[in-house]
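Structure first, then comments.
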Amino acid sequence: MRAIDDAITVQPSEVSDTQLARDLAQALALDPATEYWEIKALVDDGFVTLLGSVQSLAEKTLATRVAKSVRGVRGVENEIVIDLPVDRSDEQIAHDVLQLIRWSVVVDAETIEAEVDDGIVILSGHVDTLYEKGQAARLAAVTGAREVDVSDLDVRWTEDDDGPTGFPERTGEELKAAVRMAFSMSPRLSSSFEPEIAIDDRVVT
């Protein structure tokens with residue numbers, strides 16, 4: 001699949017702007033990742049504008065997802081400002097992006113290149129599925145990134161008679177390390193979250 005032409009019309013339940021503003025405030029307060037963020041939601045005829053500041057592009061994106069999940073929301077405009085806790089060089093950002101893509105069990109790092117220009121992450125190359133493209137974009141939203149550009153990341157089958165190329169085999173320890181890294185980079189999980197992980201024939205427990 002190369003793209004999705006989404007012609008679905010959202011017809012949300014009739015909820016007053018006043019009630020919707022309360023529901024949005026509650027949703028942001030109850031989410032384990034957004035509960036402490038200073039985010040304000042303005043509502044006009046069901047359309048939401050998010051204001052405030054967060055410390056990463058991943059957090060800004062997550063705020064949009066939380067707002068869209070609230071019943072009655074017709075659309076979301078995210079005007080949240082990214083206030084980085086520290087200045088990070090393009091080289092540091094690119095290193096983090098490449099590491100996450102390399103450790104991902106969903107994205108094939110062999111077909112993707114990443115460059116960073118003034119905080120803007122540019123992904124190029126190709127992936128086998130639209131889902132993989134979305135995952136690559138999400139992984140690239142590391143601390144320091146102001147924007148992720150995937151316009152040069154094509155979705156196409158790898159030139160192989162057997163279909164998409166497979167992912168390289170990884171040992172149980174490599175898979176375990178990849179799972180731990182995914183947990184450590186998630187804004188929804190506490191940095192102290194250290195579950196026990198077991199790998200048996202590529203099945204994670």
Side-chain angles (χ1 to χ4, degrees), residues 1-8 10 31 33-34 37 39 41 47-69 73-160 164-165 167-168 178 181-189:
M1 183 180 294
R2 294 179 182 274
I4 296 176
D5 185 7
D6 189 351
I8 296 175
V10 178
D31 189 279
T34 63
W37 297 352
I39 297 176
F47 290 89
V48 179
T49 301
L50 297 177
L51 304 172
S53 66
V54 292
Q55 295 186 347
S56 72
L57 180 58
E59 293 175 343
K60 179 176 180 177
T61 302
L62 179 58
T64 297
R65 289 172 55 192
V66 172
K68 285 182 176 180
S69 70
V73 172
R74 297 176 183 274
V76 177
E77 183 72 23
N78 192 331
E79 297 184 5
I80 293 173
V81 175
I82 299 175
D83 184 15
L84 298 178
V86 293
D87 290 329
R88 306 195 72 211
S89 68
D90 288 348
E91 290 75 16
Q92 289 173 314
I93 297 170
H95 175 269
D96 285 358
V97 171
L98 289 171
Q99 281 293 94
L100 283 175
I101 290 177
R102 192 170 293 124
W103 280 106
S104 172
V105 295
V106 176
V107 180
D108 186 357
E110 298 299 320
T111 63
I112 298 177
E113 295 182 1
E115 297 180 3
V116 183
D117 183 10
D118 194 26
I120 299 177
V121 181
I122 303 169
L123 299 181
S124 60
H126 73 272
V127 292
D128 290 325
T129 66
L130 189 61
Y131 176 76
E132 188 178 348
K133 181 175 181 176
Q135 286 296 102
R138 280 187 280 276
L139 289 170
V142 300
T143 300
R146 298 190 297 108
E147 184 180 335
V148 177
D149 181 358
V150 293
S151 58
D152 290 332
L153 187 59
D154 298 328
V155 179
R156 61 178 173 81
W157 292 106
T158 301
E159 295 180 1
D160 187 328
T165 57
F167 296 105
M181 176 170 282
F183 285 152
S184 69
M185 298 300 294
S186 173
R188 288 179 173 270
L189 299 176

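The CZ atom of Arg74 lies 15.5 Å from the NZ atom of Lys68; values are rounded to the nearest 0.5 Å. Remark: Lys133 NZ to Asp154 CG distance equals 7.0 Å, nearest 0.5 Å. Expressed to the nearest 0.5 Å, how far CG of Leu51 lies from CD1 of Ile39 amounts to 10.0 Å. In this structure, Leu153 CG and Leu130 CG are separated by 10.0 Å, a value rounded to the nearest 0.5 Å. Atom CZ of Arg65 and atom CG of Asp31 lie 9.0 Å apart (nearest 0.5 Å).
Looking only at side-chain heavy atoms (C-beta outward), Thr61 and Arg138 stay at 4.5 Å or farther from each other. With a 4.5 Å cut-off on side-chain heavy atoms, Val106 and Leu139 do not count as touching. Side-chain contact between Leu100 and Val107 is absent, with no heavy-atom pair separated by less than 4.5 Å.
Thr34 places no side-chain N or O within 3.5 Å of a backbone atom of Trp37 that could act as its donor or acceptor partner. A donor-acceptor pair is defined here as one N or O able to donate and one able to accept, closer than 3.5 Å; such a pair exists between the side chain of Arg146 and the backbone of Asp118.
Taking both residues in full, the closest heavy atoms of Gln55 and Glu59 are given as N-OE1, 2.8 Å, listed atom of the first, atom of the second, then distance. Considering all non-hydrogen atoms of both residues, His126 and Ile112 come closest at O-CG1, 4.1 Å. The nearest pair of heavy atoms linking Ala137 to Val150 is CB-CG1, 3.8 Å. Ala58 and Ala141 make their closest contact through CB-O, 3.4 Å (heavy atoms, listed as atom of the first residue, atom of the second, distance). In this structure, Ala145 and Ile93 approach most closely via the heavy-atom pair N-CD1, 4.1 Å. The two residues Leu50 and Ala63 come nearest to each other via the heavy atoms CD1-O, 3.7 Å.
Counting heavy atoms of neighbouring residues, nucleotides and ligands inside a 6.0 Å radius, atom CD of Gln92 exceeds 12 of them.
Residues satisfying the salt bridge (Lys or Arg N to Asp or Glu O under 4.0 Å) criterion with Arg88, sequence neighbours excluded, are Asp96.
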Throw together a table of side-chain donor-acceptor distances under 3.5 angstrom for residues 75-83, partners on residues two or more places apart or in other chains.
from: Asn78; atom 1: OD1; to: Ile80; atom 2: N; distance (Å): 2.9
from: Asn78; atom 1: ND2; to: Lys60; atom 2: O; distance (Å): 2.9
from: Asn78; atom 1: ND2; to: Thr64; atom 2: OG1; distance (Å): 2.7

